[in-house]
Amino acid sequence: MSTAAAELGTFIDASPTSWHAAAQVAARLDDAGFTALDPTVEWSAAQAAAPAYVLREGALVAWGGAGAAGSPLRLIGAHTDSPGLRLRPRADRSVAGWRQLGVEVYGGALVNSWLDRDLRLAGRLAIRESSTAGVRTTAHLVDTQVAVARVPQLAIHLDREVNSRGLLLDPQRDLSPVWGLGDTPGDVIAHLAGRAGVDVRDVVAWDVALVDAQPSACLGERGELLAAARLDDLCCVWAGTRALIDSAASPVSTGAVAVLALHDHEEVGSTTSTGAAGTWTAQVLERRELALGGTRVDFLRSLSSSLLASADMAHATHPNRPERHEPDHHIRAGGGVVIKTNVNARYATASPGAAAFALACDAASVPVQQYSHRGDLPCGSTIGPIAAAGLAVETVDIGAPMLSMHSARELMACSDLDLLVGALRGWYTTP
């Protein structure tokens with residue numbers, strides 16, 4: 001396993017949810033000497049001028065320091081969430097002697113990939129805490145770490161046409177996991193509270209996902225492939241974090257401030273308080289500007305000359321179905337970073353941003369590929385168009401090639417990891 005693949009695998013395995021992922025990024029920034037800033041207090045000029053970050057639930061905004069008031073920003077944006085299954089508020093049930101969990105599908109998951117797969121539970125619990133100041137709740141991350149559930153597929157003897165007519169799944173009926181035996185429902189929140197070491201009576205609310213329990217692994221003839229859950233988009237989250245830390249450790253005077261903006265809820269439209277369609281990222285960046293002694297006009301002026309790379313994974317050409325791809329824009333795994341273009345603005349790329357990113361890749365000796373979607377298939381999207389509209393910043397959509405996007409387990413080339421980190425580092429350091 002390559003060093004980069006081992007690092008990314010460790011990061012993904014420790015990041016079963018967006019909240020865990022943001023906390024993992026924060027821990028890496030702490031180790032690199034970044035300062036965590038409290039969004040509820042005023043920041044000093046020294047804090048705003050030094051490498052720092054602000055964490056909010058499953059989102060995080062960080063910067064590498066330097067840059068006077070009014071300096072342009074060189075941003076990398078990515079998202080911390082991935083499609084999958086989430087527990088319902090009242091999840092416990094029992095059918096035919098099986099204890100089950102009620103779930104909803106989060107985002108555009110390939111739901112068939114969740115069948116007959118060992119699943120663990122992870123998320124956050126809102127815990128009641130009492131003090132002399134009164135009662136409040138705090139978020140407590142929880143992760144069973146081992147498999148506790150499974151979504152069983154109907155046997156072929158009971159679905160004789162499944163191989164000839166295809167598998168059809170009803171998300172209401174066919175995706176409820178089993179996690180024990182009993183004629184009465186279990187208590188999944190009590191189980192999670194026990195895992196977290198808290199009293200279930202203090203659990204007020206929760207957000208819990210089912211995630212693949214199988215660890216990341218390299219496979220292939222020479223170990224050149226990385227199989228992992230949540231490559232979309234934790235690969236870009238990890239690579240952006242690496243690039244920011246590297247650029248802060250060896251600063252290059254480009255006149256722009258390196259910024260990493262990690263958003264939650266991209267897979268469900270981004271219209272949340274921590275999603276790219278919200279105002280939180282702009283609020284954090286404006287507060288940094290004001291702490292440096294700048295004004296709102298200085299902040300808006302800085303945005304007019306800023307650049308954003310929206311980093312999200314890209315479709316590699318599928319070897320079994322190459323006809324599903326635009327024939328003049330095939331993408332090779334291991335072939336370099338991908339610039340994604342769509343004239344209907346499903347990707348935010350236009351020539352100024354594409355040119356700036358291509359020059360950064362050239363300076364970093366990273367090859368570039370061009371992705372364009374088939375004209376007779378609907379194109380996916382990213383945070384790129386949303387962030388570009390909200391910040392009015394020139395944006396380019398980029399990513400690393402992969403197969404099985406939105407599956408419970410995805411696949412990419414290990415060699416693309418160093419290329420992606422190199423390209424993003426070049427984006428921060430190329431004038």
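Both backbone and side-chain heavy atoms feed into the values below; hydrogens, waters and symmetry mates do not.
- In this structure, Asp264 contributes its side chain and Thr274 its backbone to no donor-acceptor pair below 3.5 Å.
- Looking at heavy atoms from C-beta onward, Leu60 lies out of side-chain contact with Thr80 at the 4.5 angstrom threshold.
- Salt bridge annotation for Asp298-Arg301: present, with a cationic side-chain nitrogen under 4.0 angstrom from a carboxylate oxygen.
- Remark: Gln145 pairs with no residue by the side chain to side chain donor-acceptor pair (under 3.5 Å) rule, at least two apart or across chains.
- In this structure Arg120 satisfies the salt bridge (charged side-chain N to carboxylate O under 4.0 Å, His left out) test together with Asp143, sequence neighbours excluded.
- A salt bridge does not link Glu42 to Arg287: none of the charged side-chain nitrogens sits closer than 4.0 Å to a carboxylate oxygen.
- For the pair Arg150 and Trp179, the cation-pi criterion (under 6.0 Å, within 45° of the ring axis) is not fulfilled.
- Exactly one residue among Ile398, Asp246, Val337, Leu244 makes a side chain to side chain contact (heavy atoms under 4.5 Å, CB included) with Leu424. That residue is Ile398.
- At a threshold of 4.0 Å, the pair Glu7-Arg242 counts as salt-bridged, since one of the basic side-chain nitrogens sits closer than that to a carboxylate oxygen.
- Side-chain atoms of Thr138 and Glu129 include a donor-acceptor pair closer than 3.5 Å.
- No close placement of the Trp280 and His263 rings is indicated, their centers lying 6.0 Å or farther apart.
- Shown here are the ring pair (Phe, Tyr, Trp, His ring centres under 6.0 Å) partners of Tyr428, two or more places apart in sequence or in another chain: there are none.
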